[in-house]
Protein chains: 4
Amino acid sequence: MKTRTSRQQQALETKSKLIDAALRTFSRKGFSESTTKDIAKEAGVTDGLIYHYFQSKEDLLWAILDKYTLLHSIRQALAAMDKQASLEHNLTAYFQALFRNLREQQDLIVMCFGEAQRNPEIRARVEEIIRTGVELLHAFVAPLVRLDPQELLVAIRNVQTSMVFYFLMTARFADDDTQSTEYIRTSVKQFLKIVA
Amino acid sequence: MKTRTSRQQQALETKSKLIDAALRTFSRKGFSESTTKDIAKEAGVTDGLIYHYFQSKEDLLWAILDKYTLLHSIRQALAAMDKQASLEHNLTAYFQALFRNLREQQDLIVMCFGEAQRNPEIRARVEEIIRTGVELLHAFVAPLVRLDPQELLVAIRNVQTSMVFYFLMTARFADDDTQSTEYIRTSVKQFLKIVA
Amino acid sequence: MKTRTSRQQQALETKSKLIDAALRTFSRKGFSESTTKDIAKEAGVTDGLIYHYFQSKEDLLWAILDKYTLLHSIRQALAAMDKQASLEHNLTAYFQALFRNLREQQDLIVMCFGEAQRNPEIRARVEEIIRTGVELLHAFVAPLVRLDPQELLVAIRNVQTSMVFYFLMTARFADDDTQSTEYIRTSVKQFLKIVA
Amino acid sequence: MKTRTSRQQQALETKSKLIDAALRTFSRKGFSESTTKDIAKEAGVTDGLIYHYFQSKEDLLWAILDKYTLLHSIRQALAAMDKQASLEHNLTAYFQALFRNLREQQDLIVMCFGEAQRNPEIRARVEEIIRTGVELLHAFVAPLVRLDPQELLVAIRNVQTSMVFYFLMTARFADDDTQSTEYIRTSVKQFLKIVA
DNA sequence: GATGAATGAGACTTCATTCAT
DNA sequence: GATGAATGAAGTCTCATTCAT
């Protein structure tokens, strides 16, 4: 009684499978060290099939970026904030959500940071995500604090990039969240001292 | 008092030339995208010579890391601080020196960050530099402020990684230092609010 | 009853073609002097294809040894002997068959002897073939003669290796079989003097 | 008080040292697998020096063949025979001397047989040695036996090549001479049955 | 849609050889 | 005579990409 996935459906799934396989592979070994054979194997298909769906290996990279973005989850986390709660509580919750999202999309993040230095288009993408992320948080925090908007931008930018950096270098290798939680708490407290 | 190491001297220079050429090439195109031909050309020698001095292309990577380290310049910048001056002044001066050093060793930095995500040994190296950098600055600042040492560590870690991040994503592409200077000033001011 | 293995069939043939091309090339120039380009050209394919079928150039060597062996034809020659005929007649026929087989598999033989001195695995292979060849002939001759089995083994070993040596150094360059035939006849006669 | 070896003397020794080093290296790894670096290292000199004494790597091969030959020791062994003793005794002694010589010049033998299949000039050399060896032994044995000269030639050729083969495949890897001695005794006995 | 055989450019590396010192 | 830095051709192997089936 299974829903007969139409041929088109099947094709979409294969394409999606390939994108995800490519993401995992790129994140693990980097773009150039990943071979199309690796990706095909990871996706459980044969070599040639990649070129039925994508023009080139690089095309797969863009397909990944088209499929995934961090911003969506950032928006979600911000939307979920409780207007009644304290800023400290909300920021802590936000950064915890951010860490969860980073962890969920770890492959994407790691790949993007790995490639950003050598691939201008990826770097532009990363920059845009950071900028938008900063702006979104800024829009949320600005009405609640007295700090000059320009300075607030710097503060937000700094705390946000510190977080991502901490995730990349430390948090993602940790077994549990104890340290991260403590780190977030401290960072938020310090951020509040700035913006108070 | 003999200067007639001319032959040996020449060899050392060639080796050094190769390391520097490799650094430039790796930083520009990444490790895997850099070919040994590229490197040889950049150094102005023929391909084969690389293997007279190094066991492999990867060996060149380690040779680069052996030759250069950021820590030396960090130490210098800290040593140059004026004990009589205000903390704000000193920190600003320190971060400006850091930015100058980052710019001078731009190739190394960019390469390290590019490779760190996929090369565990490079990542370990980057981590160590960050950790030591944080410790050095911590040792300088701790006696001058009242903040709990653990929290101070987080504050320093955050401000330092933010700086590096800012350099990587923004400052290194800027034509002049106006923006960076402003950014540093603001960041230092905010840091002081935390540690005060 | 399907013959539509055409695709797979084609692949098997290409692989086989590569093995044969490698055998010819190795036998003509030796293993190290043979380049993969040589082999590919001899097989009428492009370089890269070798690595679709084999892991390495050396792998081709083992594939050759897996595909071919002298022992089969030795067994055939022994099986074809006429129990009614005289030992002299049978031995002569056997060695003539051996020479024909050596000539047919000349490439293999020459390659094996060329590589045996420097490649222990090949030498082991050659030793095994000689040993088995001696044992097979011994099993056939032993019941027909009175010589002590140990001594018979030496006699058989000697006559057999002499034959192979003669083939390698002389017979394979001769235009016709006249000399070889005479040589075989004489050698058999002398062998009979020993075992009588 | 050391005898001042003149510069010329020194040069001759270096050259000789290089030839011997090349022989050892070629015999161990084969001609093509031996690099000039290997040889220089084995001789305890630097790379370039080879080309001060020899035109090319191949030139070293010819120098080896010029310096060494088996025939001299074969002649010696034959000359040492005792005209009063039995043929059996003399032949046994001769083959034992041959084995000793083969063992002493093992490197040369192994190298020659390894290269003979792919290098016509080496093969010619090997053929000549075998032919001359056969002729020398023939000249010694012929007056003492009644066998037809042509047949005697075959018998001698066979026993001699069997011996060399046995040495190459078996004797040279044995720790002691027990087996070889037994083998020689048996072979000689069988040879005598032929020529008696 | 899917397969995997086939291509060919190019990567890393080796090595015989030359030559300035 | 001796050194070893330097050259450059060539070899093994990889891999993105194509295409007949």
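Proteins come first, then strands; the chains are lettered A, B, ... in the order of their sequence lines, and each starts at number 1.
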With pairs defined as Watson-Crick or G-U wobble and both distances under 3.5 angstrom, please note down DNA chain E as a dot-bracket string, | for pairing with another strand. .||||||||||||||||||||
Is it the case that atom NZ in A:Lys15 sees more than 12 heavy atoms from other parts of the structure closer than 6.0 Å? no
With heavy-atom distances below 4.5 Å as the criterion, would you say the side chains of A:Met111 and A:Arg24 are in contact? no
Just how far, in rounded Å, is C1' of F:dA5 from CG of D:Leu49? 16 Å
What is the distance from CD of B:Gln10 to P of F:dA6, rounded to the nearest Å? 6 Å
Rounded to the nearest angstrom, tell me the gap between atom CG in A:Asp38 and atom P in F:dC15. 8 Å
In whole angstroms, the gap separating P of F:dT18 from CZ of A:Phe54 amounts to 15 Å
Considering residues at least two apart in sequence or located in another chain, which fulfil the side chain to side chain contact (heavy atoms under 4.5 Å, CB included) criterion with B:Gln55? B:Asp59
Quick check on contacts: within residues 22-30 of chain B, what sits under 4.0 Å from DNA chain E by heavy-atom distance? none
Starting from P on F:dA10, measure out to CD on C:Glu33 and report it in whole angstrom. 16 Å
Would you say the side chain of B:Arg172 lies within less than 4.5 Å of the side chain of B:Val110, judging by non-hydrogen atoms? yes
Carboxylate-amine/guanidinium contact C:Arg125 C:Glu115, below 4.0 Å: no
Collect all protein-nucleotide pairs involving nucleotides 11-13 of chain F in which both atoms are nitrogen or oxygen and the distance is under 3.5 Å.
| unit_1 | atom_1 | unit_2 | atom_2 | d |
| --- | --- | --- | --- | --- |
| F:dT12 | OP1 | C:Ser34 | O | 3.3 |
| F:dT12 | OP1 | C:Lys57 | NZ | 2.7 |
| F:dT12 | OP2 | C:Thr36 | N | 2.8 |
| F:dT12 | OP2 | C:Thr36 | OG1 | 3.1 |
| F:dC13 | OP2 | C:Tyr51 | OH | 2.5 |
| F:dC13 | OP2 | C:Lys57 | N | 2.9 |
| F:dC13 | O5' | C:Tyr51 | OH | 3.4 |

Answer yes or no: is there a side-chain heavy-atom contact under 4.5 Å between C:Leu61 and C:Glu121? no
Separation of E:dT14 atom P from B:Ile50 atom CD1, nearest Å, is 12 Å
Return the 5'-most residue of the pair A:Val45, C:Lys15 with respect to DNA chain E, ranking by each residue's nearest nucleotide. A:Val45
Checking contacts here: which listed nucleotide (E:dT21, F:dA6, E:dA6) is nearest the side-chain heavy atoms of C:Thr14? E:dA6
From CZ of B:Arg7 across to P of F:dA2 the rounded distance in Å is 15 Å
Under 4.0 Å between a side-chain N/O of C:His52 and OP1 or OP2 of E:dA5, yes or no? yes
Categorize D:Tyr53 for me: base, sugar-phosphate, or nothing, with a 4.0 angstrom heavy-atom threshold over every strand shown. sugar-phosphate
Do the side chains of A:Glu128 and A:Arg123 get close enough for a salt bridge, i.e. N-O under 4.0 angstrom? no
Taking every non-hydrogen atom, the tightest pair across C:Ile109 and C:Leu168: CG2-CD2, 4.0 Å
Residue that, paired with A:Asp47, satisfies salt bridge (Lys or Arg N to Asp or Glu O under 4.0 Å) out of A:Lys57, A:Lys41, A:Lys37: A:Lys37
Restricting to pairs with a member in residues 6-30 of chain D, which pass ring pair (Phe, Tyr, Trp, His ring centres under 6.0 Å), not counting sequence neighbours? D:Phe26-D:Phe31
Just by distance, with hydrogens left out, do B:Asp20 and B:Tyr68 show a side-chain donor and acceptor under 3.5 Å apart? yes
Minimum-distance nucleotide (side-chain atoms of C:Thr46 versus E:dT7, E:dT21, F:dG4): E:dT7
For A:Phe113, ring-ring contact (aromatic ring centres under 6.0 Å, His included) partners two or more places apart: B:Phe165
What is the distance from NZ of C:Lys41 to P of E:dT7, rounded to the nearest Å? 15 Å
